[in-house]
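Below you'll find the structure, written out as structure tokens, and then a few comments.
Note that the structure is a prediction, hence the values are computed from the model and not measured.
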Amino acid sequence: MRSISFGQATVEATAAAMREDDTVVITGEDIGWGGNFGQFKGLLEEFGPKRVLDMPISEALILGSAVGAAVTGLRPIASLSFVEFTMGAMDEIVNQAAKFRYMFGGQVSVPMVVRASDGVLRSSGPQHSESFEAFFSHMPGLKVVAPSNPADAKGLLRSAIDDDDPVVYLENKKITFRRGPVPEEDYRTALGQASIARTGSDVSLITYSVMTQHALEAAQVLLEEHSVDAEVVDLRSLVPLDIDSVLRSVAKTRRAVVCHEAWTFGGFGAEIASQINEHLFGELAAPVLRVGAQSAPIAFSPPLERALVPEASEVVQAVLRTVKP
Amino acid sequence: MRSISFGQATVEATAAAMREDDTVVITGEDIGWGGNFGQFKGLLEEFGPKRVLDMPISEALILGSAVGAAVTGLRPIASLSFVEFTMGAMDEIVNQAAKFRYMFGGQVSVPMVVRASDGVLRSSGPQHSESFEAFFSHMPGLKVVAPSNPADAKGLLRSAIDDDDPVVYLENKKITFRRGPVPEEDYRTALGQASIARTGSDVSLITYSVMTQHALEAAQVLLEEHSVDAEVVDLRSLVPLDIDSVLRSVAKTRRAVVCHEAWTFGGFGAEIASQINEHLFGELAAPVLRVGAQSAPIAFSPPLERALVPEASEVVQAVLRTVKP
Amino acid sequence: MVDIWLSDDHELGIASLEVPVAVDFKDIETSLEAYRKLLLIRTFEETLEALFAKGKIPGFVHTYIGQEAIAVGVCTNLRTDDYVTSTHRGHGHAIAKGIDLNGLMAEVFGKVTGICKGRGGSMHVADFSKGILGANGIVAAGTVIAAGAGLSIQTREEDQVVICFFGDGGINKGTVHEAMNFCSVKKLPVVFVCENNQYAQFTSRKLTTSVSDLSVRGVAYGMSTESVDGNNLVEVVEVSRRAIDNAREGLGPTLVVADTYRFGGHYVGDPQAYRSEDEVNESRRRDPLLLFENYLELHGLADSDRFELEKETISKLVNKAVMFAEQSDYPEAHTATDYVFTDLIEGRQ
Amino acid sequence: MVDIWLSDDHELGIASLEVPVAVDFKDIETSLEAYRKLLLIRTFEETLEALFAKGKIPGFVHTYIGQEAIAVGVCTNLRTDDYVTSTHRGHGHAIAKGIDLNGLMAEVFGKVTGICKGRGGSMHVADFSKGILGANGIVAAGTVIAAGAGLSIQTREEDQVVICFFGDGGINKGTVHEAMNFCSVKKLPVVFVCENNQYAQFTSRKLTTSVSDLSVRGVAYGMSTESVDGNNLVEVVEVSRRAIDNAREGLGPTLVVADTYRFGGHYVGDPQAYRSEDEVNESRRRDPLLLFENYLELHGLADSDRFELEKETISKLVNKAVMFAEQSDYPEAHTATDYVFTDLIEGRQ
Ligand SMILES: Cc1ncc(C[n+]2csc(CCOP(=O)(O)OP(=O)(O)O)c2C)c(N)n1
Ligand SMILES: Cc1ncc(C[n+]2csc(CCOP(=O)(O)OP(=O)(O)O)c2C)c(N)n1
Ligand SMILES: [Mg+2]
Ligand SMILES: [Mg+2]
């Protein structure tokens, strides 16, 4: 299969949706030029400025207008290049998009996608490096998607655009340029279905987004250097959460390490760990460990950045603490 | 000891701080008139409009100007009457207040307090009823305080104003009017020290804010009707988190139920439960359970509101599941 | 003193009613229809005050009493498929735009027959089938939502318009700025109607707003602006029609500042220590209902007997709505998480 | 075509340098000091471009080349205890306000000797001892922070002022609106300086901004407004001095719109497909450095020999800073969570 980048895969999904449905529009800052990560490349050329809108630097407007458009016949994709910029639009995401359907008693649905790039990439510094999925997944009414590879990026985005509820689609910066095999045809990957990225018997690595890649690397090292056979469960979406797949895997391996790039403290990993502990009480061979960032804004300086944010080696270490206590 | 309301207790703490230190100012909407919950009553009269500022409906400005004031010599208390309104100021809280000290390499501290009322009170509806401590406690650089009674409200607020870091001070609406014994003198209650609100031996209820009250009621019922002796650990602050007190209690009782009014899914309770499970692995007699709101915006209609949000009876039921599986 | 709330160009009393009158307002049915709408809002709100005092209404209620001519005047120019975004003080807008009265009343009661099935309550009344995109508990949230509805109209190449109601307090929110700039850049069919009722909660506008003539805010975006006596129904109809026609024709947004006064407290039960009884009483001399009755009499369109007749009809309507609401059931507890998503979500607690 | 970025009232070339000149700008030392500052910023930024190309600078870098006269002109009027808030394009503001050059360079390298100990990098340079409240990676975040600094000054009854630099793209953020309204209501000593460099990232201002004369935005708040040729140092000094004097005297805020052009890409490495080389070359004819050299020559304050001399001095200074930065250590990994709080936090992972 041909190999394309994560960003390019999302372009394909978007173009397919836009070809199929005239009501799909994209709004965001500087997207006409292709986007910071190439994730909109060629869309302005194909669909014109009425469907690919370069917006003012007005994040509240970008998200709020997406809500207004979504309840009056469009299916907007609102893009904020860095997830930190969602903070200027949290009212629109949390108090409006997430609540509209519920507080109006099911009169409307809010079919919109919020796209944002998160995570660490080469010293982007403390206001351009974070991961906020814990915010979005705590808020009822939002679906949250965090793909780990180009093929999923395409299929999940297609489903997110199809979805009648607001979906926060988080694309990690480190993997946006990475390539992988992606089918040419148009397809959808269902939200709420984890994928077993690697089968294994000794420990379950529960993860998503860029950490799936790190976990797969870690699994390789664990096998080769420590004879530990790790299973990697890639959640793909956090809401809906495929807890069944998680529990099935952990019930089998009896050990789990939950991994994400976001801060460990209060992170989404705590939700997963709590559910594993509750549902598999007494069946675990070791405590569920969590691997995530240390609690600090993500520093600019390369050694600090690396110290704060986990990669494969931190996953390996955590697994070793679990299997050889 | 005289009994005063939670709101009045915070007035005393604020007045004491303002008398002692000219740089303490309060900013917020309609605070000159005493605040929606009487939490600023009399302050305008005593300290005048230069220190008690009625602000425009501009939440980003209220929080952002607090940051600017805090790094240039003031100790502002910025008040947003309902915690939902912080969503319009999340950039200022998350990207500015929380990060200023860190991203500028310790050059400054940001001594400010964000006050906001959270929680459910008699059908305030889906945009005036929530609890967002999971957002704030996930963000490094913010301290988070959530008192459960008037005496703590006074002492913790005094400490929060003293504190050189940004402190989010969350006052639950249901308990703002409740009275309790409060010492007349000026005193401080340290952040980061849980209180054992009730000692017990069978199960630990880990909680804070209004749920401490519900947990105490539940403990009474549990003792009288089920002969279960519950210990209630009132965290008082979530950041810093007094995990030692939590673990000490649970190590003793071997059972824990974590309770808050916020949504269970992705809530702060997941962090506590995860830490308990990790640190006391193999020492627990039952899974750690969580009691919190169901995942929906908080509905207006009384029976729906009551169905979504836990009170004492939900705590009792969870404990019974823990002690008599 | 009444002049605290009137811009210099509005005169006290009924003199200012003598503006050029639209054809249809010489028409008796059109006029009476508008009169009934004013009455309906007034009666609805006064009924709520009484019900609230009796403890029958959960939550808090913000009434529109004193401002009725704005909603009715503006919405008189609208089609059913036009949109409005509203505020925490939204009953008037909803009624003027044609919301089902029983559903509205039942919603305020929190009943399952409510227009939002009891999920929203007073602050979140909406009827999407009538283009009412919702009252909203977040001040000025409607501005950016209105911009989105405007964008949607433009993209779909329809000729609908959007009315965005917001308050003199709300005008200082950043969302107003972002929305107005965008609507102006794109020439979206959005009319911003600022209801300048002199107060935001308990705070006079003067304490928090840098200009006394709010319409200058529109100038900053290259928008058309209009000021109007918001208590004068006929004037509101005229001025807003111009703005709406322009919007419909693709000439872009307008900011209409409608001066008015909130007769009641911020919410029902507000002790109102922040203003004098004199001020309130004085303001009642320019009650939009009275002004419009004067107008109808002056033009021989109706007399006091007719007014009484209409009042009775409207009273019955509202009472029926109360009955409907009172006899309706509350939603069942087990449905509390319905409508969070369009489909079921697994794995959530 | 150059006229895309000049308002109508600015003439091409050096003619516009003949504005009334402040006394001190006939003074050779004052003039040369300003010239050195311009040079220092230019040289610093060009050096960064070269270093970045060699892979020596982590992250991304936004240079101030072409806009130097604004920061230098404004800051010439400031005291050390005055404040500035800055943007993602903040090196120029920091240098003009007197940041330590070695600390600045080391910060951009991410070294522990950096002014922010390597935590911030290019987008977060700050020096609170010099009143530099930080470059900021969030567009227009500085506006509300500046308002707070202004409030602080007023509360402390000092006579400091705050300069809030922001961009023509930033002007559409809601924070600008909220900050300007508040500063105007309270008459805070804040001068808003909008650096109108024609682009926000890759998007021309015309696509996203509803008015071509940005100064009208200030009118909406009852603020004083000024427009100035931002490439003309002497004019910037004059105009901003008026605004700063007013602020210091308690007369409230001013919006100064300074027209300029960003010679470089949005960030170093930007391929700039969104504008023509011609446009950029044309704009270079109004290089603020050249214009000021012309001015100095015209007034007999300096000649080209002198310029060369100064350039050498400045080059050495910048090279020394590079050496300092290169020889400094990176922060140690175990210090990564220092400075999150002023005290230790227990219980966090
Ligand atoms: C973002 C936000 N901030 C504050 C509030 C609290 N609040 C509710 S109504 C109101 C005053 C609104 O004033 P105005 O816009 O003039 O409308 P009016 O009540 O006069 O109709 C305030 C401050 C809110 N609901 N939302
Ligand atoms: C809130 C926010 N939105 C978007 C961005 C991405 N961004 C960085 S710089 C920039 C353009 C800023 O334009 P302008 O204000 O004109 O400043 P200039 O770059 O021209 O100096 C944008 C959109 C950001 N940093 N912050
Ligand atoms: Mg008002
Ligand atoms: Mg610019």
When Glu59(A), Lys50(A), Gln107(A), Lys99(A) are compared by non-hydrogen pairs under 4.5 Å with chain C, the top option: Gln107(A)
Flag the pair Tyr64(C) / His93(C) as yes when their ring centroid distance falls below 6.0 Å, and as no otherwise. yes
For Thr175(C), is it the side chain, the backbone, both, or neither that has a heavy atom closer than 4.5 Å to a heavy atom of chain A? side chain
What is the ring orientation for Tyr208(A) with His260(A), classed by angle as parallel under 30°, tilted 30 to 60°, or perpendicular over 60°? tilted
Does a side chain donor of either Asp338(C) or Thr335(C) reach within less than 3.5 Å of an acceptor in the other side chain? no
Can you tell which part of Glu92(A) gets under 4.5 Å to a heavy atom of chain C, answering side chain, backbone, both or neither? side chain
Minimum heavy-atom separation for Leu214(C) and Leu255(C), please, with both atom names. O-CD2, 3.9 Å
So which residues of residues 126-143 of chain C are in contact with chain A at a heavy-atom cut-off of under 4.5 Å? Ala126(C), Asp127(C), Phe128(C), Leu133(C), Gly134(C), Ala135(C), Asn136(C), Ile138(C), Ala141(C)
At a heavy-atom separation under 4.5 Å, does Asp164(A) approach chain C through its side chain, its backbone, both, or neither? both
What residue in Gly192(A), Ser58(A), Ala98(A), Pro56(A) has the most heavy-atom pairs under 4.5 Å with chain C? Ser58(A)
For the candidates Gly118(C), Ala179(C), Ala149(C), Ala146(C), which exhibits the highest count of non-hydrogen atom pairs separated by less than 4.5 Å from chain A? Ala149(C)
May I ask you to check whether Phe136(A) and Phe132(A) place their ring centres under 6.0 Å from each other? no
Is chain A contacted by the side chain of Ile153(C), its backbone, both, or neither, given a heavy-atom distance below 4.5 Å? neither
Which residue out of Asn95(A), Val246(A), Ile62(A), Val25(A) racks up the most heavy-atom pairs below 4.5 Å with chain C? Asn95(A)
We want to know whether Glu231(A) and Ser249(A) form a side-chain donor-acceptor pair, criterion being a heavy-atom distance below 3.5 angstrom. yes
Let's test your reading of the structure: which of Gln154(C), His177(C), His124(C) forms the most heavy-atom pairs below 4.5 Å with chain A? His124(C)
One should read off an interatomic distance between Thr155(C) OG1 and Asp22(A) CG, to the nearest 0.5 angstrom, of 10.5 Å
What residues of residues 103-113 of chain C sit under 4.5 Å from chain A when only non-hydrogen atoms are counted? none
Would a 4.5 Å heavy-atom cut-off, applied to side chains only, mark Leu284(A) and Ile276(A) as touching? yes
So what's closer than 4.5 Å to chain A heavy atoms on Glu158(C): side chain, backbone, both or neither? neither
So which part of Leu63(A) gets closer than 4.5 Å to some heavy atom of chain C, the side chain, the backbone, both or neither? neither
Please determine, by modelled atom types, if Ser210(C) and Arg217(C) share a side-chain donor-acceptor pair under 3.5 angstrom. yes
Which word best sums up how the rings of His91(C) and Phe44(C) line up, parallel for under 30°, tilted for 30 to 60°, or perpendicular for over 60°? perpendicular
Test salt bridge (charged side-chain N to carboxylate O under 4.0 Å, His left out) on Lys143(A) and Asp343(C) and set out the steps. CA-CA 11 Å; Lys143(A) 292 174 178 170; Asp343(C) 49 17; 2.8 Å; yes
What heavy-atom pair brings Asp234(A) and Ser209(A) nearest, and what distance separates the two atoms? OD1-N, 4.3 Å
Tell me whether Lys97(C) contacts the main-chain N or O of Arg79(C) through its side chain, where contact means a donor paired with an acceptor under 3.5 Å. yes
Kindly say whether Met180(C) contributes a backbone atom to a donor-acceptor pair with the side chain of Ser184(C) at under 3.5 angstrom? no
Audit row: Arg248(A), Asp244(A), salt bridge (charged side-chain N to carboxylate O under 4.0 Å, His left out) steps and yes/no: CA-CA 6 Å; Arg248(A) 211 175 303 121; Asp244(A) 292 344; 5.1 Å; no
